[in-house]
Student: 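Before we start, here is the structure in question, set down as structure tokens.
Note that the structure is a prediction, hence the values are computed from the model and not measured. The chains referred to below are lettered A, B, ... by the order of the sequence lines, with proteins before strands, and numbering in each begins at 1.
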Amino acid sequence: MASSQLEKTYDPRTVETRWSHEWLTRRYFHASPQQPGRPYCIVIPPPNVTGSLHVGHALNHSLQDILIRWRRMQGRNTLWLPGTDHAGIATQNVVEKQLMTEGLSREALGRERFVERVWQWKATSGNTIVNQQKQLGESCDWDRLRFTMDEGLSKAVLEVFVRLYEDGLIYRGERLINWCPRCLTALSDIEVEHEDTKGKLYSIDYPLAENPSIHLTVATTRPETLLGDTAVAVHPDDERFQHLIGKEVRLPLTNRMIPIVGDALLVDREFGTGAVKITPAHDFNDYEAGERHALPRLAILDHHALLDAAGLRRAGADPTVIDQLQRLPVSKARPKVETLLEERGHLVKVEDHKMAVGKCYRCKTIVEPYLSPQWFVKIKPLAEPAITAVEEGRIRIIPEGWTNNYLGWMRDIKDWCISRQIWWGHQIPAWYCLSCNATHVIKTENRIAILSGASPIVSKTAPASCPSCGGHDLYRDPDVLDTWFSSALWPFSTLGWPEHTEELKTYYPTATLVTGLDILFFWVARMIMMGLKFMGDVPFKDVYIHALVRDAEGKKMSKSKGNVIDPLHVMNEFGTDALRFTLASMASPGRDVKLAEERIEGYRNFANKIWNAARFALMYLDGPRTALPPAQRTFPDRWILSRLAHIIHVVTTELEAYRFDRAATALYQFIWHEYCDWYLELIKPVLQTPEHQDGASTRHTLVETLEATMRLLHPFMPFITEEIWQTIPHQGDSLVVQTYPVVDQAWTSPEVEQHFVLLEHTVGLVRTGRVLLNYPPGQQIAFHIGHDAPDRQLHLDQLQQHITHLSRGQVRVSRPHDWPTTRLLRLIAEGLSVGIPVAEDVDLQKAIERLDKQIAETNKELQRIDGKLKNVEFTSKAPPDVIAEHHGRVQTLSRDRALLADSQQQLRAMLGV
RNA sequence: GGGCGAUUAGCUCAGUGGUAGAGCGCUUCCUUCACACGGAAGAGGCCACAGGUUCGAUACCUGUAUCGCCCA
């Protein structure tokens with residue numbers, strides 16, 4: 001194997017392109033139920049089809065790929081199932097924007113042509129993210145790529161909808177829902193993002209009907225909805241207002257009288273004036289209060305969230321008021337109403353006030369509570385088994401801390417509004433017979449409104465005729481389902497459900513779900529509910545929740561802030577392996593990932609280090625290689641095997657615990673600081689000596705450990721490991737399908753590891769001494785080493801050749817007090833002594849300072865331990881082994897101190913001080 | 001308002017009831033035949049604060065402060 005095969009610096013780009021293509025060609029990632037091994041399946045959280053790979057995906061996908069590649073190498077029947085989500089509102093918005101640039105609109109195109117247009121868009125742009133995923137090296141079974149609007153998945157959606165409807169778990173009804181006046185659709189509760197903003201608290205006088213000179217002062221943050229008030233509430237126990245309950249007030253700006261009610265739930269006596277208005281059609285709390293007191297609902301905003309003239313008329317507003325307010329958006333109506341109230345003497349005061357506004361999670365427009373007929377999932381019956389599954393540990397959430405979050409939300413869950421008034425998505429399989437619903441289906445010029453009392457025919461296929469009247473004039477519900485409805489079915493719909501496929505039998509329940517916290521409720525909770533309902537079993541056993549990726553300052557990445565790290569750019573600059581390793585090493589549970597480019601650069605350097613270790617190995621591989629039993633190998637070989645066994649155990653254990661960060665750190669530490677810094681240095685004398693007696697065995701160990709290390713690292717850094725593995729001696733076609741290393745007990749040797757620590761300390765002291773005395777690295781020096789403990793002294797003797805090599809000098813091992821008493825710098829650590837001769841012209845200042853410092857430190861430490869040992873409480877209560885350890889340390893440190901003092905004295909004498 | 005998490009080296013973060021750790025950055029030295037994307041040696045910390053438990057607390061408990069997240 002010629003060394004010229006590997007360039008001096010690792011160039012990720014060509015390697016990555018070559019292997020990502022090659023792996024796919026060889027179909028290593030293809031899974032089938034017929035394959036041997038215990039199944040291990042992960043379904044990918046399907047990225048939006050509109051998406052392109054951002055760093056959040058990169059984290060999410062890297063972690064999954066690590067798990068998948070690791071399990072595949074362990075011999076499991078591994079399936080990582082990829083796909084994309086049709087992302088109803090998001091995708092519709094993207095295509096609408098595109099239409100706008102062409103001077104077109106959704107409405108102008110009409111529903112059918114618009115949907116066609118979205119499919120077209122999907123065909124050309126929908127694969128962007130998939131290609132980027134392949135670039136990241138994701139070992140998905142791409143043959144099984146799914147899309148939430150695939151034929152099969154759509155069939156699953158229909159099946160689920162109809163069955164839930166038949167079970168009474170889906171219903172249609174008029175409720176107050178969250179409405180985005182820009183997207184013109186309903187949203188579910190969790191699709192609304194709450195944001196604190198500066199607002200005002202208005203105090204408004206409502207005159208008492210029986211005596212207008214008396215006012216009830218009401219506090220509100222939304223005066224513009226005042227015209228829709230249908231009552232005023234006070235706390236029933238509030239002595240200030242108790243006597244008013246049951247009386248009426250005149251609603252300002254209108255001709256209406258509204259009642260004063262007592263409501264302990266709605267009213268906080270401490271807040272504002274202690275009296276609040278009730279506007280059931282425009283506030284969720286008021287809606288519920290309205291239910292409690294059987295109040296009418298008066299809607300005064302239309303679906304664009306503009307003040308509606310017809311609504312205002314119904315609400316009895318003054319004609320002049322209607323004139324001034326109609327067609328105003330909320331933001332303009334609010335100051336206008338303020339002015340009107342002030343002019344008419346109703347406004348008492350206005351204070352600054354912090355308030356939360358809800359915004360559409362897709363377009364950030366302020367959402368309005370809006371009264372309209374919608375479809376809902378009755379969720380409690382579905383939630384209960386989903387709660388139990390987690391409580392009983394059939395699903396494990398990792399880190400555990402999120403379990404309570406999940407349970408709390410599930411126990412307090414509200415019915416799920418699933419209808420969306422958009423066009424892109426699964427159209428609801430419900431039809432209305434126009435003759436049976438004559439009064440409930442209202443056709444206006446460009447809209448058909450289906451009122452809440454309409455009775456739908458729910459069916460997987462379009463009914464030929466109305467089952468009750470036989471009529472053929474059927475109209476399909478225009479609404480589509482919430483995107484998250486289809487993603488809730490993802491773990492089984494992608495495996496072929498409702499058909500009874502081999503895939504379902506083999507891979508369901510899936511093993512692990514890897515996801516960010518942001519979609520725990522959107523997605524994870526709903527998958528659990530649907531999985532339990534339709535498969536009778538949990539959809540996955542472990543849910544691993546990782547953190548959000550933020551920028552180096554900890555800020556959320558966003559295009560508007562310009563702080564986005566583009567993973568593709570990073571992959572291009574530093575290599576995909578470097579990015580993957582960075583993300584893995586930063587994935588500590590419960591903490592957000594603050595990503596800085598320097599960090600990635602550091603792991604790029606790591607990749608290069610590995611690359612050069614491989615180059616080094618290849619340089620010296622010529623010649624026979626012989627496998628000896630571990631116990632018969634050289635000290636460096638035995639040591640690295642022992643360390644390798646240890647690191648295999650650590651990485652495997654940490655991966656089992658989803659501690660990607662610790663597994664990555666351990667690998668980094670082992671490869672760089674043990675394998676490269678020490679092992680490769682230790683074996684150089686053997687490799688560089690032709691015909692060395694240990695040559696064959698050393699070369700074998702070198703390959704054996706390097707090859708195993710590549711396998712161990714492969715899930716984290718698939719590209720560079722594959723490239724190196726292919727270059728060094730190996731058996732098999734690809735690293736992807738090799739077995740993951742397991743610990744060989746014969747490798748482990750605590751004794752050898754102990755000897756190594758002694759070696760490491762000795763070499764460290766010599767190097768320190770070299771710097772202190774300004775001896776250049778190339779200069780050979782003769783020095784003494786020795787140890788307090790006789791057995792250690794013996795070990796030093798055995799290690800002599802290695803110490804010689806690593807410290808570039810001639811070593812004499814002897815008892816420290818036999819050493820010369822002049823012109824010798826003694827360095828001491830825990831019983832170990834190194835003595836370096838001091839040449840004539842050396843500046844001793846540094847050495848003396850160092851000794852001073854160490855003596856001071858040793859004294860301090862001795863004092864501390866001594867203090868403890870003199871404490872009767874400690875000696876009587878601490879465990880004996882701890883006390884013994886303390887005594888041992890006192891002994892060692894005292895001896896160290898004596899020797900250090902001695903050495904210091906010598907040096908001072910040399911200086912003539 | 002409720003819940004959760006964080007606070008450890010200049011920065012980003014691990015960690016443990018008994019000697020405080022890493023990466024990056026910093027200082028000094030070194031182009032030595034794997035690697036300067038490198039090597040060697042260093043500097044740098046009342047482990048947020050105040051109580052408590054304990055022979056012993058950075059770690060366990062309580063409270064405070066600051067920051068962040070989720071929910072309302």
Student: Tell me the closest heavy-atom pair linking A:Ala386 and A:Met410, and the distance in Å.
Tutor: CB-CE, 3.4 Å
Student: Hey, mind stepping through A:Ile883 and A:Phe874 against side-chain contact (heavy atoms from CB on, under 4.5 Å) and telling me if it holds?
Tutor: CA-CA 8 Å; A:Ile883 296 172; A:Phe874 174 72; 4.2 Å; yes
Student: Where the side chain of A:Glu598 is concerned, which of B:A34, B:C24, B:C55 is the nearest nucleotide?
Tutor: B:C24
Student: By nearest nucleotide on RNA chain B, pick out whichever of A:Tyr668 and A:Asn612 is the more 5' one.
Tutor: A:Tyr668
Student: Taking only the P atom of each, what is the distance from B:A65 to B:A40 in whole angstrom?
Tutor: 48 Å
Student: Return the orientation label for the A:Tyr603 and A:Tyr668 ring planes: parallel under 30°, perpendicular over 60°, tilted otherwise.
Tutor: perpendicular
Student: Measure across A:His282 and A:Pro369 and return the closest heavy-atom pair with its distance rounded to 0.1 Å.
Tutor: O-CG, 3.4 Å
Student: Could you check whether A:Asp283 pairs with A:Arg222 (Lys NZ or Arg NE/NH1/NH2 to Asp/Glu carboxylate O, under 4.0 Å)?
Tutor: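 Here A:Asp283 does not pair with A:Arg222 in a salt bridge, since their nearest N and O are not under 4.0 Å apart.
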Student: State which of B:A34, B:C71, B:U19 makes the closest approach to the side chain of A:Phe521.
Tutor: B:C71
Student: For the side chain of A:Asp677, starting at C-beta, report the closest nucleotide among B:C71, B:G18, B:A40.
Tutor: B:A40
Student: If you find the nucleotide of RNA chain B closest to A:Glu830 and the one closest to A:Arg604, which residue's nucleotide is nearer the 5' end?
Tutor: A:Glu830
Student: Roughly how many Å apart are B:U58 and B:U7, using the C1' atom of each and rounding to a whole number?
Tutor: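 Pairwise C1' distance, B:U7 against B:U58, rounds to 12 Å.
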Student: Please give the distance between the P atoms of B:U12 and B:G3 as a whole number of Å.
Tutor: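 Going atom to atom, P in each nucleotide, I get 29 Å.
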Student: Could you work out the separation of B:C24 and B:U66 based on their P atoms and round it to a whole Å?
Tutor: 36 Å
Student: Measure from the side-chain heavy atoms of A:Met619 and tell me the nearest of B:A34, B:C55, B:U19.
Tutor: B:A34
Student: Please determine whether any donor N or O and acceptor N or O are separated by less than 3.5 Å between the side chain of A:Arg808 and the base of B:U32.
Tutor: no
Student: To the nearest angstrom, how far is A:Glu601 atom CD from B:G38 atom P?
Tutor: 9 Å
Student: The side chain of A:Asp196 lies closest to which of these nucleotides: B:A34, B:A72, B:C37?
Tutor: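 Closest nucleotide to the A:Asp196 side chain: B:A72.
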Student: For B:U27 versus B:G10, give the span between their C1' atoms, rounded off to a whole number of Å.
Tutor: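 Each nucleotide's C1' atom is 14 Å from the other's.
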Student: Could you tell me how far B:G39 sits from B:A14 if I compare only their P atoms? Round to whole Å.
Tutor: 25 Å
Student: Can you tell me which nucleotide in B:A40, B:C37, B:G18 comes closest to the side chain of A:Phe874?
Tutor: B:G18
Student: Kindly say if A:Arg659 contacts the phosphate of B:G15, meaning a side-chain N or O under 4.0 Å from OP1 or OP2.
Tutor: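 Affirmative; the distance criterion is met.
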Student: For the side chain of A:Lys609 and the base of B:C35, is some donor closer than 3.5 Å to an acceptor across the two?
Tutor: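 Indeed there is one.
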Student: So if I take every side-chain heavy atom of A:His673 and compare against B:G23, B:U19, B:C35, which nucleotide ends up nearest?
Tutor: B:G23
Student: Ignoring hydrogens and angles, are the base of B:C24 and the side chain of A:Arg599 linked by a donor-acceptor pair under 3.5 Å?
Tutor: no
Student: Would you mind telling me which of B:G42, B:C35, B:U12 lies closest to the side-chain atoms of A:Met586?
Tutor: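 The listed nucleotide nearest to A:Met586's side chain is B:U12.
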Student: For nucleotides B:G17 and B:C13, find the distance between their C1' atoms and express it as a whole number of Å.
Tutor: 23 Å
Student: Quick one: the side chain of A:Glu681 and the base of B:A34, do they pair up donor-acceptor inside 3.5 Å?
Tutor: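 Answer is yes: a donor-acceptor pair is held.
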